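These notes are about the structure you will find just below.
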Amino acid sequence: YVWDRVVLAVSLPDIRGVLGLAPHQTGLVASAFAAGVALVALPAGLLVRRIGFRPVMICSGLIFSLATAYPPLAHGYWDLLASRIFVGLGEGVFNISLLLYLGSLSKKHRAALVGLGATVFGIAASVGPPLIHLLDGAVGTWRVSFYVLAVLGVLLCVPLVFLAPAPAPGEGEPREAQLQWGRVLA
(Lines give C-alpha, C1' and ligand atoms only; values in the text may rest on other atoms or scores of the structure.)
Protein backbone atom coordinates (compact mmCIF):
# COMPACT_ATOMS: atom_id res chain seq x y z
CA TYR A 1 0.00 0.00 0.00
CA VAL A 2 3.00 2.31 0.13
CA TRP A 3 4.16 1.76 -3.42
CA ASP A 4 1.11 3.42 -4.94
CA ARG A 5 2.26 6.71 -3.46
CA VAL A 6 5.90 6.38 -4.63
CA VAL A 7 5.12 5.14 -8.14
CA LEU A 8 4.28 8.68 -9.22
CA ALA A 9 7.69 9.99 -8.17
CA VAL A 10 9.38 7.38 -10.33
CA SER A 11 7.09 7.90 -13.32
CA LEU A 12 6.44 11.63 -13.15
CA PRO A 13 9.14 12.67 -15.65
CA ASP A 14 7.58 10.37 -18.27
CA ILE A 15 4.03 11.40 -17.38
CA ARG A 16 5.00 15.06 -17.61
CA GLY A 17 6.25 14.52 -21.15
CA VAL A 18 3.24 12.48 -22.27
CA LEU A 19 0.64 14.87 -20.87
CA GLY A 20 2.64 18.03 -21.55
CA LEU A 21 2.49 19.24 -17.96
CA ALA A 22 4.03 22.56 -17.01
CA PRO A 23 6.44 22.58 -14.05
CA HIS A 24 3.85 24.09 -11.68
CA GLN A 25 1.30 21.43 -12.73
CA THR A 26 3.86 18.70 -12.14
CA GLY A 27 4.46 20.01 -8.64
CA LEU A 28 0.75 20.13 -7.87
CA VAL A 29 0.23 16.58 -9.16
CA ALA A 30 3.14 15.39 -7.01
CA SER A 31 1.65 16.99 -3.89
CA ALA A 32 -2.03 16.26 -4.56
CA PHE A 33 -1.70 12.98 -2.67
CA ALA A 34 -0.96 14.94 0.51
CA ALA A 35 -4.10 17.03 0.03
CA GLY A 36 -6.18 13.86 -0.04
CA VAL A 37 -4.53 12.55 3.11
CA ALA A 38 -5.01 15.90 4.87
CA LEU A 39 -8.72 15.91 4.07
CA VAL A 40 -9.34 12.58 5.76
CA ALA A 41 -6.76 12.45 8.54
CA LEU A 42 -9.11 13.63 11.29
CA PRO A 43 -12.39 12.00 10.23
CA ALA A 44 -10.75 8.62 9.48
CA GLY A 45 -10.51 7.65 13.14
CA LEU A 46 -14.12 8.61 13.72
CA LEU A 47 -15.15 6.55 10.71
CA VAL A 48 -13.33 3.49 12.05
CA ARG A 49 -14.92 3.97 15.45
CA ARG A 50 -18.40 4.29 13.93
CA ILE A 51 -18.41 1.42 11.39
CA GLY A 52 -15.40 -0.75 12.27
CA PHE A 53 -12.02 -1.72 10.87
CA ARG A 54 -13.04 -4.22 8.20
CA PRO A 55 -15.37 -2.10 6.06
CA VAL A 56 -13.17 0.99 6.38
CA MET A 57 -9.96 -0.84 5.47
CA ILE A 58 -11.53 -2.68 2.55
CA CYS A 59 -13.30 0.37 1.09
CA SER A 60 -10.30 2.67 1.50
CA GLY A 61 -8.00 0.00 0.05
CA LEU A 62 -10.21 -0.31 -2.99
CA ILE A 63 -10.36 3.47 -3.39
CA PHE A 64 -6.60 3.93 -3.40
CA SER A 65 -6.09 0.87 -5.60
CA LEU A 66 -8.59 1.94 -8.25
CA ALA A 67 -7.27 5.50 -8.18
CA THR A 68 -3.74 4.11 -8.63
CA ALA A 69 -4.86 2.44 -11.86
CA TYR A 70 -6.08 5.70 -13.37
CA PRO A 71 -2.95 7.76 -14.23
CA PRO A 72 -2.12 5.71 -17.36
CA LEU A 73 -5.64 6.53 -18.60
CA ALA A 74 -5.46 10.23 -17.76
CA HIS A 75 -6.13 12.59 -20.66
CA GLY A 76 -4.70 15.64 -19.00
CA TYR A 77 -3.76 17.54 -15.91
CA TRP A 78 -7.14 17.69 -14.16
CA ASP A 79 -7.98 14.00 -14.21
CA LEU A 80 -4.42 13.08 -13.23
CA LEU A 81 -4.66 15.54 -10.35
CA ALA A 82 -8.01 14.11 -9.27
CA SER A 83 -6.69 10.56 -9.37
CA ARG A 84 -3.81 11.48 -7.07
CA ILE A 85 -6.18 13.20 -4.64
CA PHE A 86 -8.26 10.00 -4.55
CA VAL A 87 -5.13 7.93 -3.90
CA GLY A 88 -4.48 10.22 -0.94
CA LEU A 89 -8.06 9.96 0.30
CA GLY A 90 -7.98 6.17 0.18
CA GLU A 91 -4.51 5.82 1.63
CA GLY A 92 -5.13 8.40 4.32
CA VAL A 93 -8.12 6.47 5.65
CA PHE A 94 -6.38 3.11 5.17
CA ASN A 95 -3.25 4.22 7.01
CA ILE A 96 -5.19 5.56 9.99
CA SER A 97 -7.41 2.48 10.16
CA LEU A 98 -4.42 0.12 9.85
CA LEU A 99 -2.56 1.81 12.69
CA LEU A 100 -5.69 1.87 14.83
CA TYR A 101 -6.24 -1.82 14.08
CA LEU A 102 -2.68 -2.75 14.97
CA GLY A 103 -2.90 -0.70 18.16
CA SER A 104 -6.18 -2.38 19.11
CA LEU A 105 -4.72 -5.87 19.05
CA SER A 106 -3.10 -5.56 22.46
CA LYS A 107 -2.69 -2.86 25.09
CA LYS A 108 0.54 -4.47 26.23
CA HIS A 109 2.08 -4.64 22.74
CA ARG A 110 0.44 -1.55 21.22
CA ALA A 111 3.67 0.40 20.70
CA ALA A 112 5.45 -2.62 19.20
CA LEU A 113 2.58 -3.31 16.81
CA VAL A 114 2.29 0.29 15.62
CA GLY A 115 6.09 0.39 15.35
CA LEU A 116 6.02 -2.78 13.26
CA GLY A 117 3.50 -1.16 10.92
CA ALA A 118 5.67 1.95 10.60
CA THR A 119 8.77 -0.17 9.97
CA VAL A 120 7.09 -2.15 7.20
CA PHE A 121 5.92 1.13 5.70
CA GLY A 122 9.46 2.54 5.74
CA ILE A 123 10.99 -0.57 4.21
CA ALA A 124 8.38 -0.64 1.46
CA ALA A 125 8.90 3.06 0.73
CA SER A 126 12.65 2.44 0.40
CA VAL A 127 12.48 -0.72 -1.70
CA GLY A 128 9.55 0.33 -3.89
CA PRO A 129 11.06 3.03 -6.12
CA PRO A 130 13.99 0.92 -7.37
CA LEU A 131 11.68 -2.02 -8.04
CA ILE A 132 9.20 0.19 -9.87
CA HIS A 133 12.04 1.65 -11.92
CA LEU A 134 13.24 -1.87 -12.81
CA LEU A 135 9.72 -2.91 -13.81
CA ASP A 136 9.28 0.21 -15.95
CA GLY A 137 12.60 -0.47 -17.66
CA ALA A 138 11.84 -4.16 -18.20
CA VAL A 139 8.47 -3.54 -19.86
CA GLY A 140 9.44 -0.29 -21.56
CA THR A 141 6.62 1.87 -20.21
CA TRP A 142 5.65 3.59 -16.99
CA ARG A 143 1.99 2.62 -17.37
CA VAL A 144 2.34 -1.02 -16.34
CA SER A 145 3.58 -0.15 -12.84
CA PHE A 146 0.34 1.63 -12.03
CA TYR A 147 -1.73 -1.34 -13.15
CA VAL A 148 0.43 -3.86 -11.28
CA LEU A 149 0.20 -1.81 -8.09
CA ALA A 150 -3.55 -1.39 -8.49
CA VAL A 151 -4.02 -5.15 -8.82
CA LEU A 152 -1.77 -5.76 -5.79
CA GLY A 153 -3.82 -3.24 -3.81
CA VAL A 154 -7.07 -4.97 -4.68
CA LEU A 155 -5.51 -8.32 -3.75
CA LEU A 156 -4.46 -6.78 -0.43
CA CYS A 157 -8.14 -6.26 0.34
CA VAL A 158 -8.98 -9.98 0.03
CA PRO A 159 -7.32 -11.15 3.26
CA LEU A 160 -8.86 -8.17 5.07
CA VAL A 161 -12.26 -9.75 4.50
CA PHE A 162 -11.14 -12.70 6.62
CA LEU A 163 -8.52 -11.25 8.96
CA ALA A 164 -9.67 -7.78 9.92
CA PRO A 165 -12.25 -7.84 12.69
CA ALA A 166 -15.59 -6.16 12.31
CA PRO A 167 -16.12 -4.75 15.80
CA ALA A 168 -19.42 -3.35 16.83
CA PRO A 169 -19.75 0.37 16.15
CA GLY A 170 -18.22 2.32 19.01
CA GLU A 171 -15.79 -0.43 19.99
CA GLY A 172 -12.57 1.50 20.11
CA GLU A 173 -10.67 0.18 23.07
CA PRO A 174 -8.03 -2.53 22.63
CA ARG A 175 -9.12 -6.06 23.36
CA GLU A 176 -7.40 -8.10 26.01
CA ALA A 177 -7.55 -11.21 23.84
CA GLN A 178 -4.53 -13.33 23.05
CA LEU A 179 -2.41 -11.56 20.45
CA GLN A 180 -2.32 -13.57 17.25
CA TRP A 181 0.95 -12.67 15.52
CA GLY A 182 -0.06 -14.66 12.43
CA ARG A 183 -2.86 -12.18 11.80
CA VAL A 184 -0.54 -9.24 12.34
CA LEU A 185 2.12 -10.52 9.95
CA ALA A 186 -0.32 -11.73 7.28
Side-chain angles (χ1 to χ4, degrees), residues 1-48 51 53-102 117-118 120-133 135-136 139 141-161 164:
Y1 98 94
V2 176
W3 290 1
D4 61 327
R5 79 172 55 180
V6 298
V7 67
L8 186 77
V10 175
S11 303
L12 198 53
D14 293 327
I15 295 171
R16 180 179 177 196
V18 169
L19 296 180
L21 301 178
H24 72 280
Q25 292 174 315
T26 305
L28 287 171
V29 166
S31 59
F33 170 87
V37 171
L39 288 171
V40 296
L42 292 175
L46 298 172
L47 187 63
V48 169
I51 65 173
F53 297 107
R54 183 185 303 154
V56 171
M57 290 173 75
I58 292 169
C59 289
S60 61
L62 291 174
I63 289 169
F64 78 70
S65 297
L66 295 174
T68 297
Y70 191 75
L73 305 172
H75 297 289
Y77 168 71
W78 291 107
D79 51 344
L80 179 62
L81 184 70
S83 75
R84 295 308 296 170
I85 291 171
F86 274 95
V87 170
L89 292 171
E91 254 205 58
V93 173
F94 188 87
N95 191 37
I96 297 292
S97 60
L98 176 64
L99 293 176
L100 288 171
Y101 169 65
L102 291 174
V120 169
F121 178 88
I123 291 169
S126 299
V127 173
L131 292 177
I132 292 165
H133 180 72
L135 176 61
D136 288 352
V139 298
T141 179
W142 56 271
R143 288 176 168 87
V144 172
S145 296
F146 286 89
Y147 296 135
V148 167
L149 295 176
V151 169
L152 289 174
V154 169
L155 292 175
L156 167 78
C157 293
V158 173
L160 293 176
V161 172

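Note that the structure is predicted; figures quoted are calculated from it, not measured.
For the residue pair Met57 and Leu160, the shortest heavy atom distance occurs at CE-CD2, 3.8 Å.
Taking CD1 from Ile85 and CG from Leu89, the interatomic distance works out to 7.5 Å, rounded to the nearest 0.5 Å. Taking CG of Asp14 as the start and CG of Leu19 as the end, the distance is 11.0 Å to the nearest 0.5 Å. Atom-to-atom distance recorded for Leu21:CG and Ile15:CD1 is 8.0 Å, nearest 0.5 angstrom. Between Leu80 atom CG and Leu28 atom CG the span is 11.0 Å, to the nearest 0.5 Å.
You'll find the side chain of Pro23 reaches within 4.5 Å of the side chain of Arg16, heavy atoms only. Inter-residue side-chain proximity for Asp136 and Thr141 is flagged as unmet; no heavy-atom pair is nearer than 4.5 Å. Residues Leu149 and Ile132 form a side-chain contact, since some pair of their non-hydrogen atoms from C-beta on lies under 4.5 Å apart.
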Exercise for the section: Might you work through the side-chain contact (heavy atoms from CB on, under 4.5 Å) test for Tyr77 and Val29, ending with a clear yes or no? Expected result: CA-CA 8 Å; Tyr77 168 71; Val29 166; 3.8 Å; yes
Practice task
Starting from the C-alpha separation in whole Å, work towards a yes-or-no answer on side-chain contact (heavy atoms from CB on, under 4.5 Å) for Val93 and Ile63.
Solution key: CA-CA 10 Å; Val93 173; Ile63 289 169; over 6 Å; no
Exercise for the section: Please report the C-alpha distance between Leu73 and Tyr147 in whole Å, then the side-chain angles of each, then the deciding distance to 0.1 Å, and finally whether the side-chain contact (heavy atoms from CB on, under 4.5 Å) criterion is met. Expected result: CA-CA 10 Å; Leu73 305 172; Tyr147 296 135; 3.3 Å; yes
Exercise for the section: Run the numbers on Leu98 and Phe121 for side-chain contact (heavy atoms from CB on, under 4.5 Å), then give the verdict. Expected result: CA-CA 11 Å; Leu98 176 64; Phe121 178 88; over 6 Å; no
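In this structure a side-chain-to-backbone donor-acceptor pair under 3.5 Å is present from Ser97 to Phe94. Between the Asp79 side chain and the Gly76 main chain, a donor and an acceptor come within less than 3.5 Å of each other.
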